[in-house]
Amino acid sequence: MATGIVTTAFIDAARARIPDLRLLTDEVDRDAHRRDETSYLATGRPGAVALPTTTEQVAALVLLCGEHDIPIVPRGAGSGLSGGATGLEGALTIAFTAMDRILEIDVENLCVVTQPGVINARLKAAVAEHGLFYAPDPASFEMCSIGGNLGTNAGGLCCVKYGQTRDSVLGLEVVMADGSIIRTGGKNIKDVAGYSLTHLMVGSQGTLGIITEATLRLRPTPPPRSTLLAFFPTLESAGDGVAAIAAAGLSPVTLELMDRFTIRAVDDTHELGLDRDAAAMLMVESDLPGASAADELSRAEVACVAAGATSTVRSQTAAEADLLRQARRAAHWALEKLGEVKMEDVGVPRARVPDMLRAVERIAAKHDVRIGTFGHAGDGNLHPDLVLERGDPRGEAITKAVQADLYQAALDLGGTVTGEHGIGSARTEWMVRQRGADAIRFMHAIKDALDPQGLLNPGRVLPPK
Ligand SMILES: Cc1cc2nc3c(=O)[nH]c(=O)nc-3n(C[C@H](O)[C@H](O)[C@H](O)COP(=O)(O)OP(=O)(O)OC[C@H]3O[C@@H](n4cnc5c(N)ncnc54)[C@H](O)[C@@H]3O)c2cc1C
């Protein structure tokens with residue numbers, strides 16, 4: 001693993017070799033690139049922050065870091081929830097804020113070619129002008145970048161129908177640890193030439209290569225969505241509702257869950273008139289055309305009622321559906337009004353959602369803490385948010401204890417410690433327990449082959465050998 005730090009000699013060499021590069025060296029700027037959204041993690045102050053505008057600048061930086069043995073942290077918008085882009089003391093952070101051009105919208109081939117610094121919402125809006133739709137839809141879509149989405153293989157609200165970020169990637173341009181620039185794919189829908197480096201890079205959190213361009217798959221814009229809300233008297237019946245919708249052969253674009261604590265927080269913030277006494281709510285969206293949407297939601301409603309839903313509500317207009325979706329997206333911020341929030345990201349096989357919800361309740365009672373749970377129930381991916389009183393003296397210790405119980409519960413149910421936020425630096429100690437020592441050994445072999453010097457985001461994703 002690279003152990004050097006940014007020195008005056010490095011800065012001078014970077015300025016001489018890459019004269020047009022913006023390089024931030026002020027303490028204030030370096031501090032601004034220290035954290036992501038995992039506020040509780042210890043971080044380092046970067047030695048410098050580079051803001052490249054071209055792939056060639058990135059490649060030159062990587063070569064220079066190799067010569068000076070300086071670790072590199074690739075960074076998108078810093079909205080990550082696993083500490084993947086947080087600063088390493090004295091290292092170089094390469095922030096992609098200034099590589100923010102959409103290079104081509106190819107209507108004929110239904111794809112877009114983009115630099116990594118483009119914000120997800122801006123890409124969606126740009127392709128929408130051509131009647132096209134970029135599906136990946138993290139709740140943070142107005143703040144996170146395409147590079148970060150690729151780095152984490154971001155999920156979101158419509159994965160249940162359209163898949164995670166990986167499912168919308170056709171090809172990447174990547175700067176490798178030796179400074180070479182490779183292309184892993186292009187505009188071909190089908191392309192099985194060799195190992196899929198695209199799939200290896202997506203989700204590797206900047207540890208195997210630095211993504212400088214992406215060719216992403218688009219779809220024709222689906223019709224505006226309609227929404228069904230179903231309220232359940234128990235968590236278990238809501239879990240049954242999820243299973244019943246799947247069993248009915250339905251494929252809604254969104255199948256989200258909120259528990260009572262989250263319903264109340266969201267309702268307090270947005271005054272939507274939600275059923276505050278329900279134990280859980282499911283939000284089901286359809287983006288099918290014409291009468292098919294109403295039909296899909298009617299069938300989902302029947303499934304929910306059969307599972308025990310006590311009341312249901314349907315959106316009357318597309319604007320109302322948008323409002324409900326915005327409220328769901330803002331669930332995390334609604335909980336933040338109540339205290340200091342630590343968002344978790346466990347996943348379980350869909351049929352085990354009720355078991356995971358029960359485990360969350362048990363864990364909250366055991367530690368005497370408040371946990372608001374919401375998430376992408378259709379994918380079995382839940383976000384239990386630990387909501388601590390601000391200044392709770394149990395702070396870090398209780399966070400660790402709750403996390404450990406949540407992760408173990410998910411693993412016991414055949415699940416995962418992270419469904420979409422990534423291992424980053426927050427969860428490395430759980431990798432062996434989830435994947436097993438042999439799998440980790442092969443992951444280290446891949447890392448060593450692609451980045452023998454350990455330059456790229458060291459200490460993230462993989463536990464120490
Ligand atoms: C309120 C809230 C809601 C959220 N909702 C969701 C959600 O629904 N679904 C979801 O998946 N996530 C969600 N997130 C988490 C976060 O927004 C995503 O992980 C997002 O993909 C991070 O993008 P970013 O641009 O902020 O990346 P960063 O946080 O800057 O980086 C994320 C990772 O990607 C790597 N990376 C960044 N750029 C590159 C590059 N060019 N090449 C290689 N690696 C790179 C970084 O090193 C890091 O490991 C949410 C976060 C918040 C705060």
Side-chain angles (χ1 to χ4, degrees), residues 33-39 41 49 52 55 58 62 71-88 91 93-100 114-123 136-160 164-166 172-177 200-214 254 256 325 328-336 341-345 347 374-376 379 381-383 385 418-426 456-461:
H33 291 80
R34 215 180 156 121
R35 301 195 169 282
D36 63 5
E37 287 287 328
T38 44
S39 54
L41 287 178
V49 177
T55 301
V58 177
V62 171
I72 299 168
V73 177
R75 184 180 172 97
S79 74
L81 287 165
S82 64
T86 51
L88 290 173
T93 288
I94 302 184
F96 284 92
T97 332
M99 280 183 78
D100 64 347
T114 182
Q115 289 190 313
V118 174
I119 297 298
N120 179 304
R122 183 155 84 80
L123 189 89
D137 185 27
S140 53
F141 80 122
E142 282 162 321
M143 62 193 287
C144 61
S145 73
I146 295 298
N149 294 169
L150 294 163
T152 54
N153 187 19
L157 276 71
C158 63
C159 300
V160 63
Q164 282 180 263
T165 298
R166 180 175 285 142
L172 301 172
E173 178 190 75
V174 186
V175 174
M176 305 299 284
L200 186 60
M201 289 296 158
V202 176
S204 66
Q205 298 205 260
T207 60
L208 300 179
I210 302 181
I211 298 164
T212 47
E213 189 188 292
T254 300
E256 296 284 310
R325 192 174 332 107
R328 155 58 194 92
R329 280 192 179 122
H332 174 70
W333 306 121
L335 290 170
E336 280 221 319
V341 174
K342 277 97 189 208
M343 200 202 291
E344 280 309 325
D345 177 42
F374 57 90
H376 319 298
D379 306 317
N381 182 196
L382 298 174
H383 299 310
D385 271 22
T418 175
E420 56 182 19
H421 295 165
I423 291 289
S425 55
L456 301 180
N457 224 356
R460 275 76 202 263
V461 180

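If you're wondering where the values come from, they're calculated on a predicted model, not measured in any experiment. Counting begins at 1 with the first residue of the sequence. Just follow the structure's listing: the first ligand is 1, and inside any ligand the first atom is 1.
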| query | For A85, which residues count as a side chain to side chain contact (heavy atoms under 4.5 Å, CB included) partner, sequence neighbours excluded? | reply | R75
| message | What I want to check is whether the side chains of H383 and E344 have a donor and an acceptor closer together than 3.5 Å. | response | no
| query | Is there a donor-acceptor contact under 3.5 Å from the side chain of S82 to the main chain of H421? | reply | yes
| request: State which residues pass salt bridge (Lys or Arg N to Asp or Glu O under 4.0 Å) with R35; sequence neighbours excluded, sorted by chain then number. | output: none
Show me the donor-acceptor pairs, under 3.5 Å and distance only, between side chains in residues 139-149 and residues at least two apart or in other chains.
unit_1, atom_1, unit_2, atom_2, d
S145, OG, G148, N, 3.1
N149, OD1, N120, ND2, 3.0
N149, ND2, S145, O, 3.2

| request: Give the protein residues with at least one non-hydrogen atom closer than 4.0 Å to an atom of ligand 1, ordered by chain and number. | output: E37, P74, R75, G76, A77, G78, S79, G80, L81, G84, A85, F96, P116, P138, A139, S140, C144, S145, G147, G148, N149, G151, T152, A154, G155, G156, Q205, G206, G209, I210, I211, H332, W333, H376, E420, H421, N457
| Can you name the one residue among E173, Q115, E213 that meets side-chain hydrogen bond (donor to acceptor under 3.5 Å, both in side chains) with T55? | E173
